[in-house]
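Heads up, the thing below is written out as structure tokens.
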Protein chains: 8
Amino acid sequence: MALVTVITGSVSDRTVVDPALDILRNHKVSYELVVASAHRDPERLIQIIKESEEKGTRVFIAAAGMAAHLAGAVAAHTVRPVIGLPVGSGPLKGQDSLLSTVMMPSGMPVATVAIDGGKNAAWLALQILALLPDGAKLQKELEDERERIRETIQDAEKQWLKELEDKNSVTA
Amino acid sequence: MALVTVITGSVSDRTVVDPALDILRNHKVSYELVVASAHRDPERLIQIIKESEEKGTRVFIAAAGMAAHLAGAVAAHTVRPVIGLPVGSGPLKGQDSLLSTVMMPSGMPVATVAIDGGKNAAWLALQILALLPDGAKLQKELEDERERIRETIQDAEKQWLKELEDKNSVTA
Amino acid sequence: MALVTVITGSVSDRTVVDPALDILRNHKVSYELVVASAHRDPERLIQIIKESEEKGTRVFIAAAGMAAHLAGAVAAHTVRPVIGLPVGSGPLKGQDSLLSTVMMPSGMPVATVAIDGGKNAAWLALQILALLPDGAKLQKELEDERERIRETIQDAEKQWLKELEDKNSVTA
Amino acid sequence: MALVTVITGSVSDRTVVDPALDILRNHKVSYELVVASAHRDPERLIQIIKESEEKGTRVFIAAAGMAAHLAGAVAAHTVRPVIGLPVGSGPLKGQDSLLSTVMMPSGMPVATVAIDGGKNAAWLALQILALLPDGAKLQKELEDERERIRETIQDAEKQWLKELEDKNSVTA
Amino acid sequence: MALVTVITGSVSDRTVVDPALDILRNHKVSYELVVASAHRDPERLIQIIKESEEKGTRVFIAAAGMAAHLAGAVAAHTVRPVIGLPVGSGPLKGQDSLLSTVMMPSGMPVATVAIDGGKNAAWLALQILALLPDGAKLQKELEDERERIRETIQDAEKQWLKELEDKNSVTA
Amino acid sequence: MALVTVITGSVSDRTVVDPALDILRNHKVSYELVVASAHRDPERLIQIIKESEEKGTRVFIAAAGMAAHLAGAVAAHTVRPVIGLPVGSGPLKGQDSLLSTVMMPSGMPVATVAIDGGKNAAWLALQILALLPDGAKLQKELEDERERIRETIQDAEKQWLKELEDKNSVTA
Amino acid sequence: MALVTVITGSVSDRTVVDPALDILRNHKVSYELVVASAHRDPERLIQIIKESEEKGTRVFIAAAGMAAHLAGAVAAHTVRPVIGLPVGSGPLKGQDSLLSTVMMPSGMPVATVAIDGGKNAAWLALQILALLPDGAKLQKELEDERERIRETIQDAEKQWLKELEDKNSVTA
Amino acid sequence: MALVTVITGSVSDRTVVDPALDILRNHKVSYELVVASAHRDPERLIQIIKESEEKGTRVFIAAAGMAAHLAGAVAAHTVRPVIGLPVGSGPLKGQDSLLSTVMMPSGMPVATVAIDGGKNAAWLALQILALLPDGAKLQKELEDERERIRETIQDAEKQWLKELEDKNSVTA
């Protein structure tokens with residue numbers, strides 16, 4: 001059983017999707033990966049959504065570029081939360097996929113993250129799962145991650161400051 | 001039997017779609033009008049496409065605004081030509097629906113016309129139908145329409161020039 | 001105790017936020033409404049987020065226009081899901097608030113909905129809450145709503161077709 | 001005799017146009033290729049359109065970049081369907097050619113496909129030709145192509161899943 | 001004989017074009033006004049350009065909206081300077097007509113002025129005509145106009161300052 | 001003697017500039033108002049900048065729309081801080097004036113505020129003046145203003161909550 | 001004495017400006033090249049414009065990137081035609097310089113060509129100079145150039161067609 | 001004690017920020033460098049702002065990319081001038097960070113400079129500091145810098161002209 005179903009419209013989106021899968025895996029969240037296009041195989045997409053729901057998926061992540069209909073198509077077949085991940089492929093670099101993903105009509109929301117924001121799609125999924133009965137551990141991990149980010153930034157700052165000092169900075 | 005199936009995502013697109021219907025009607029082209037959303041009733045949409053094809057539809061026209069997935073969703077279920085009509089509704093005035101309609105992936109073309117270009121969606125459908133065995137009459141009508149447009153422009157020009165003369169123009 | 005904390009940067013966003021509150025109220029979901037700006041009263045904002053969490057809020061909705069930092073500021077102080085609602089106020093009609101809300105850095109996702117998409121912010125919150133132990137009733141309501149939308153569309157279609165018939169349509 | 005006339009404004013658009021020609025050739029559809037610019041040789045362009053029509057062309061494909069007037073110029077001289085292919089050349093990467101191609105005035109539609117969407121220009125031409133008396137074979141090929149795309153996607157999915165398994169995925 | 005040929009694609013552009021005509025008339029510059037569309041009557045357009053040149057036109061002004069091909073089409077048939085006037089009609093408010101007018105390929109320049117900049121189209125024509133043998137008077141008028149603009153601004157400033165004083169300004 | 005020189009390119013920008021003047025006046029900051037265009041009266045503009053500096057101006061505010069060169073032109077003639085205020089006039093609603101004001105080359109900064117952000121231009125000027133020897137009072141007023149904004153927001157919140165209660169809210 | 005004064009804001013624009021100089025030189029048109037920034041050396045710019053005019057310059061070409069004020073600044077100091085050449089430097093790739101150059105206020109036109117359209121800036125200058133008493137030779141050269149472009153395109157077409165034939169095209 | 005506090009959201013912005021630090025250092029202006037994100041460590045950010053103010057910082061510089069909230073977040077906690085430096089990182093190349101930085105609501109101005117305009121952020125800080133009691137030396141240096149820029153441009157011009165002469169220019 002998978003808690004998250006990750007659907008991507010094309011294998012060419014892989015560099016954006018793989019970091020999301022890494023985060024899910026690192027946090028021991030079961031997921032199912034499907035390559036299915038809203039346009040190229042709509043029947044299979046519908047079937048996958050239905051089966052995923054039956055098998056217990058809580059959250060969908062849908063990644064697509066250009067006229068990115070995938071997240072909206074998933075949202076049309078489920079009332080589970082759907083996270084839309086616009087991919088910055090194609091000549092317009094995601095200006096098209098962002099608008100195609102986020103500007104959904106009333107009643108069919110897509111929880112859209114940044115263009116090429118694969119990691120944030122996963123973090124958002126974890127935030128939702130952390131609300132569930134067994135989510136305390138996940139919530140703790142999310143808070144730890146915040147702490148880890150803080151430390152990483154401060155370490156980077158120290159390194160930069162050190163290099164500046166070597167340049168004989170006037171900072172008091 | 002209808003030769004053109006006109007699908008629109010929302011009755012609020014009616015001011016854009018009605019001029020298309022008027023042109024089809026004026027040229028005695030049978031059409032079927034359906035209000036069906038790619039997001040709000042995907043199963044019915046698929047069924048309509050299949051039935052339309054079986055009943056002999058040659059061309060689809062799909063009108064939608066914002067994250068306009070309708071034309072792409074129709075294109076995913078048929079290999080008949082699909083004319084995409086982006087509607088300029090919503091805060092972005094069709095910048096979203098244009099990109100959502102036209103930037104389709106390889107293998108699933110949508111023949112996109114201008115934002116709010118309801119008339120051109122109909123003219124394009126007529127141009128395609130005019131290629132069919134009984135299309136000679138339609139072709140003649142399309143050529144007559146061009147002539148009519150030319151005359152309308154020249155009449156408007158005459159009227160404008162006359163008004164300018166009354167302003168005592170220096171034109172020789 | 002409120003399950004949803006709705007924060008809005010300005011009372012001028014009210015026409016966008018009120019429809020969200022209506023949906024929450026209609027579905028008997030307790031909410032707390034706060035007017036607090038990321039810029040104008042950051043300390044109070046932080047305090048509200050902390051208190052809301054302690055009181056049991058599951059989901060935040062944050063609505064703001066122009067350089068819309070509110071959703072991101074909320075996301076910085078909680079690991080609960082934050083729904084970002086870009087408001088289309090100001091001269092750029094939401095092109096600024098959409099980008100300011102959705103283009104978040106890794107680790108701080110904001111679940112962004114459409115510009116002026118107040119209703120979808122609420123629907124997304126309900127979809128998340130429906131995953132919780134007592135969510136079965138809410139899930140049923142979400143599915144019923146989908147059915148209701150379908151019927152509304154078909155009713156609108158019937159009305160339109162009837163008017164077209166009166167215009168003596170050629171549709172067979 | 002050619003069924004499709006492919007006109008391109010510049011040899012520099014060749015990487016976008018060649019994939020279209022490949023598809024036409026693979027499906028045994030006769031075509032004529034012309035390099036003719038709406039701006040640089042308008043008289044020759046008009047002559048080519050007239051001759052192509054007389055020789056039996058059913059569909060035009062017109063590819064151009066920047067202030068892409070080619071498709072519109074072709075549409076001005078024929079009532080046959082004109083497929084507009086905006087090329088993403090120049091500093092604006094096709095934002096200019098898309099708008100210059102698609103935003104046509106009433107009465108002169110251009111069936112616009114995606115920026116750099118050479119393949120879709122060809123697929124759309126095939127979809128139109130498949131409506132003609134001898135189109136059954138083409139229609140079958142279009143349906144087979146859809147099937148082929150589906151299989152390609154599923155093969156890619158299998159390959160990706162296999163690589164993920166090797167990374168010891170938690171997917172059940 | 002007209003020195004300036006003003007071509008406009010549609011009578012709906014009249015509010016943008018009339019101020020240009022007023023300036024030409026006020027400066028006693030002969031002009032010819034033509035309503036002719038690059039798309040809707042291309043043959044007539046070509047004929048008009050040729051005749052205008054023979055009759056002695058020095059400069060063309062071409063006004064059009066949306067996929068504004070008119071100025072480029074004129075430029076394709078003459079080596080006289082062509083002033084392009086993008087009209088802000090349609091849902092994209094001139095973002096389309098500006099790019100369609102200005103992004104011309106090498107060898108076919110269009111001297112583009114601001115969206116809806118009818119007056120500047122006329123001023124630019126006068127600046128070019130002022131270079132001709134009899135242009136001294138026109139050059140003087142252009143310099144006088146600059147002086148007039150300066151005075152208008154200073155008068156407006158005085159009025160504004162006076163009103164501010166009445167509000168009891170703190171300005172020293 | 002004026003501490004702030006407010007230059008505006010056109011009296012049509014007045015609705016954007018007047019709120020800035022009101023703030024300066026309310027805080028007893030002396031200002032000089034000039035209507036002078038970078039394009040229409042460049043010599044006078046240069047003279048004003050020089051004289052203002054000699055008379056002791058500390059900060060310039062420059063407001064202009066469309067191809068807004070005014071702030072940059074001021075910045076070219078002084079090393080005093082120049083606040084650029086892009087006005088949202090014209091068909092592009094300030095997308096042009098924002099870029100024309102902010103994208104300055106190295107060495108000539110313009111401190112740009114929001115499109116139509118007249119008030120913020122004044123607040124920024126006050127923030128700079130508050131750094132000067134006699135600035136303590138101004139600094140206090142800026143902090144008080146922050147407090148006042150906070151209270152205004154909370155009052156608005158109370159009013160809104162009261163109205164919601166009357167609608168029988170479910171909020172606990 | 002130079003007939004054309006070419007002013008460029010920065011030596012970094014050289015790759016865009018050199019092709020313009022080549023065209024002027026090839027057509028034996030005398031020009032003067034100046035590197036002068038509207039922002040970085042405004043006094044020198046004004047002096048150059050005045051001296052150029054006195055020495056007989058007929059046309060100015062002004063090239064600049066980002067907040068491109070150069071062409072407008074030149075236009076403010078002369079009533080000779082000013083050709084604006086937006087350079088696609090900087091992060092926005094000329095979207096900023098195009099708007100900063102073309103959206104000029106009434107009375108100060110800039111004849112804007114395409115982003116990075118150095119060649120067209122020169123061609124437009126030649127078109128204006130060809131109107132002058134000695135312009136017959138230049139006019140002939142401009143017409144010859146058109147012929148040369150036509151031949152180049154047809155040669156390229158032949159080459160392409162030959163390569164396609166070798167691929168065993170189905171074209172009849 | 002530092003006069004300028006430079007805050008940057010991420011070490012990946014370093015190539016944009018280092019040139020600012022170089023200018024401050026070259027002009028003997030003490031600065032403090034902090035890496036702190038509005039989203040990733042908001043509590044630390046607030047603490048840093050308070051401490052910096054107490055230690056005497058006059059001006060803040062805040063650099064961030066994408067949904068760039070950093071400058072606004074700093075502005076929310078101080079009434080000192082805040083210079084916003086939008087970084088052109090991410091798929092939208094700074095179109096997002098520019099709007100997120102500059103479109104601030106009334107009362108919270110951010111003095112925004114160009115995308116990736118690190119040097120101008122420093123120059124603007126120096127311009128503000130030059131107004132302070134000990135600023136005469138700094139003001140002199142700013143004026144000298146202008147002179148230096150002028151000379152650099154004229155040297156570059158000479159070099160270019162020399163190279164053109166070697167190409168046998170027709171310039172008189």
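Each chain gets a letter, A, B and so on, in the order its sequence line appears, and its residues count up from 1. Everything numeric here is computed off the predicted structure, so don't read it as measured data.
Inter-residue side-chain proximity for A/W160 and H/L21 is flagged as met; some heavy-atom pair is nearer than 4.5 Å. Looking at heavy atoms from C-beta onward, A/Q154 lies out of side-chain contact with H/V35 at the 4.5 angstrom threshold. Side chains of H/V11 and A/Q159 form no contact here, defined as non-hydrogen atoms less than 4.5 Å apart.
With a 4.5 angstrom heavy-atom cutoff, H/V4 does not touch chain A via any of its atoms. At a 4.5 Å heavy-atom cutoff, H/L3 makes no contact with chain A through either its backbone or its side chain. Both the backbone and the side chain of A/I115 come within less than 4.5 Å of a heavy atom of chain H. Looking at H/D22, the atoms closer than 4.5 Å to chain A (heavy atoms on both sides) all sit in the side chain, from C-beta outward.
Interatomic distance, A/K93 NZ to H/L92 CG, rounded to the nearest 0.5 Å: 11.0 Å. Summarising the geometry, atom CG belonging to A/D116 is positioned 8.5 Å from atom CE belonging to H/M66; distances are rounded to the nearest 0.5 Å. Taking CD1 of A/I153 as the reference point, atom OG of H/S10 lies at 7.5 Å (rounded to 0.5 Å).
A/N26 is linked by a side-chain hydrogen bond (donor to acceptor under 3.5 Å, both in side chains) to nothing, counting only residues two or more places apart in sequence or in another chain.
For the salt bridge (charged side-chain N to carboxylate O under 4.0 Å, His left out) criterion with H/D41, the lone passing option out of A/R146, A/R148, A/R150 is A/R150.
Between H/R40 and A/E145 there is no salt bridge, since no side-chain nitrogen of the basic residue lies less than 4.0 Å from a carboxylate oxygen of the acidic one. The pair A/E157-H/R44 meets the salt-bridge criterion, with a side-chain N (NZ, NE, NH1 or NH2) lying under 4.0 Å from an Asp/Glu carboxylate O.
Contact count against chain H (heavy-atom pairs under 4.5 Å) is highest for A/A156 among A/A114, A/G88, A/A156, A/G94.
Within 6.0 Å of NZ in A/K140 there are 12 or fewer heavy atoms belonging to other residues, nucleotides or ligands.
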